[in-house]
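Data block below; observations after.
Each chain gets a letter, A, B and so on, in the order the sequences are listed, and its residues count up from 1.
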2 protein chains.
Amino acid sequence: MKQPAIDTAWRGVARCDACAIRHLALFSDLAHEDFHRIHLPIDEFSLERGQALYHRGDTVASVFTVRSGLIKLVQHLPNGDFRIVRVLRQGDVAGLERLNDRPAEHDAIAMDRVELCRIPLGVVQTLRDDTPRLHRQLIERWQRALADADTWLTELSTGPARTRVARLLLHFEAAAGGADFFLPTREDMGAMLGITTESTSKVTAEFKRQGWLQSAEGPFVRIDRAALSQLTVR
Amino acid sequence: MKQPAIDTAWRGVARCDACAIRHLALFSDLAHEDFHRIHLPIDEFSLERGQALYHRGDTVASVFTVRSGLIKLVQHLPNGDFRIVRVLRQGDVAGLERLNDRPAEHDAIAMDRVELCRIPLGVVQTLRDDTPRLHRQLIERWQRALADADTWLTELSTGPARTRVARLLLHFEAAAGGADFFLPTREDMGAMLGITTESTSKVTAEFKRQGWLQSAEGPFVRIDRAALSQLTVR
DNA sequence: AGCGCGCCTTGAAGATTTTCAATCCGGCTG
DNA sequence: CAGCCGGATTGAAAATCTTCAAGGCGCGCT
């Protein structure tokens, strides 16, 4: 069996009760006491763009929460086609299915530099069974993942290319809270939208010409929300 | 708020411990004793094709398990487009999100005659918190729903129309255990695949001409698995 | 500075899909 | 039985996408 491709930047043991993104993370609802119930062998590490967190079929003994950056979940078809079925961002959990002892269902790949926490399955499973709060959090995650999946299908895989790209950009912007956001490669965008890299490029290039998509700091961009929303309607 | 559209054939109070599809249903793992822990005000009823089980935004106080027939979960876009994001069949649970107190996320519509059990939320919630077995079942359902969603995206919304239709037919056949299966309307198939009704019709008509899709008893059909699998590869 | 590499952009031709309109078909109704 | 209705099918033209190929551009490396 293929082993997970984690061989990278190990930052150290985490202190979850002092975590900067605790309000977003899996353990957000744990009470102070819960943290002391067990020793938490949780550590932080990071991946560079393109590195895999795990591959389909892997049976890693951990789940991961994303501290920063973006992780794409990729699913392949026998004929070589593939789709990005979801993108995980800050606070999301990768590898939820491992909690049910299923092998990983996707390839999980860093889209940019990503910081993560590795949480041993055992920790989550124990805490889950003991603390209803964590339990609720977990269900919550399932729900969110599913709602996301449906949205992708309905909004990002329906209609002509221009519409899809517009919706994707609006999504990213919304997810970033209206701020500038990271624009993935054309290939990745295409894989999210079910269109080719070239088509994606043609559309984004046009959006740029129209001034509806402008680059900002570094790899970030901003959009003309109103204009793109227009495209979405018709 | 819109009320659920159930006004139909009420069959009566169910006896879950004697249910014919118990091994598939939500309560499959409950022990005999569990059934006696509470009185189960669960009843059976049915919908005719086209009738709604609930609508997006409804806050029905029940979940439903499908005893027979097919339910489509439909999601609409502001511009009037829509996609079928999943199809529920025997043993599946409709309205899972209600367990988390979220309003329904889709329109749930009968695709043919459907028999259902209505299970009050309270019953599930109580049992869930008391019996780990039911609890595991529930998580299991979430997982399955999510895996389905991903499959739809990867297999049914990717590639040219012929390929998608072929994959859809293979899916249906597999879900029916290789037996003859119910072929939805072209419109519904189109909504699952993200293509127009006409395109769907053209492809299925061609498949019929090729003899890869033949009608069987009543509304049922059978397929040439090998031939359609071929289309899937390239 | 020169180069190579990875990704983006562009064009043109060809293939697919959508659109729009007409017909067809089976079943049901008056 | 004629007529009607809701799908299903078909065709032709127009709109979109994909394919294939050729540059470009920016950036890190030597």
Side-chain angles (χ1 to χ4, degrees), chain A residues 48-51 72 77 79-83 109-113 156-169 182-210 212-221 231 234, chain B residues 48-51 72 77 79-83 109-112 156-166 168-169 182-210 212-221 231 234:
Chain A
E48 297 303 320
R49 170 192 157 119
Q51 285 190 294
K72 57 182 171 186
L77 286 168
N79 70 3
D81 279 357
F82 62 95
R83 285 291 291 271
I109 316 278
M111 294 176 70
D112 53 354
R113 181 159 205 286
L156 302 183
S157 302
T158 305
R162 282 163 50 88
T163 310
R164 297 190 195 183
V165 174
R167 291 206 191 101
L168 181 63
L169 295 175
F182 171 80
L183 191 68
T185 67
R186 303 299 168 275
E187 186 183 27
D188 279 350
M189 292 173 64
M192 297 177 210
L193 302 174
I195 60 182
T196 60
T197 307
E198 293 91 333
S199 293
T200 312
S201 178
K202 283 166 190 174
V203 175
T204 57
E206 186 209 332
F207 285 0
K208 281 183 186 167
R209 279 191 291 273
Q210 299 287 340
W212 300 334
L213 173 64
Q214 308 179 348
S215 53
E217 310 275 312
F220 288 79
V221 295
L231 294 184
R234 54 171 356 276
Chain B
E48 297 304 320
R49 171 191 156 120
Q51 285 190 295
K72 57 182 171 187
L77 286 169
N79 70 4
D81 279 357
F82 62 95
R83 285 293 290 272
I109 316 278
M111 295 175 71
D112 53 354
L156 301 183
S157 302
T158 304
R162 282 163 51 88
T163 309
R164 298 190 196 184
V165 174
L168 182 62
L169 294 175
F182 172 79
L183 190 68
T185 67
R186 304 299 168 273
E187 186 183 26
D188 279 351
M189 291 173 65
M192 296 177 210
L193 302 173
I195 60 182
T196 60
T197 306
E198 292 91 333
S199 293
T200 312
S201 178
K202 282 166 190 173
V203 174
T204 56
E206 186 210 332
F207 285 0
K208 281 183 186 169
R209 279 191 291 272
Q210 299 287 341
W212 299 335
L213 174 63
Q214 308 178 348
S215 54
E217 309 276 312
F220 288 79
V221 295
L231 294 184
R234 54 176 358 277

- Message: Does the protein touch nucleotides 8-21 of chain C at the base, only the backbone, or not at all? Give it as B, S and - per nucleotide, heavy atoms under 4.0 Å.
- Response: SBBBB----SBBB-

- Note on the structure: Checking B:Ile195, B:Leu77, B:Asn79 against A:Thr158 for side chain to side chain contact (heavy atoms under 4.5 Å, CB included), the one that qualifies is B:Leu77

- Note on the structure: Here the distance between atom C1' of D:dG28 and atom CZ of A:Arg49, to the nearest Å, is 14 Å

- Where the side chain of B:Arg162 meets the backbone of B:Val203, is there a donor-acceptor pair that is under 3.5 Å apart? no

- Grab the CG-C1' distance between A:Asp188 and C:dC7 for me, whole Å please. 12 Å

- Note on the structure: Atom CZ of B:Arg164 and atom C1' of D:dC17 are separated, to the nearest Å, by 12 Å

- Sorted by chain and residue number, the side chain to side chain contact (heavy atoms under 4.5 Å, CB included) partners of A:Thr196 (sequence neighbours excluded) come out as A:Glu198, A:Ser199

- Roughly how many Å is it from CZ in B:Phe207 to P in D:dA8, rounded to a whole number? 16 Å

- side chain to side chain contact (heavy atoms under 4.5 Å, CB included) against A:Gln214, all qualifying residues, sequence neighbours excluded: A:Arg222

- Message: Keeping A:Arg186 on the side-chain end and A:Thr200 on the backbone end, is there a donor-acceptor pair under 3.5 Å?
- Response: no

- Query: Do any N or O atoms from the side chain of A:Arg209 and from the backbone of A:Thr204 form a donor-acceptor pair under 3.5 angstrom?
  - Reply: no

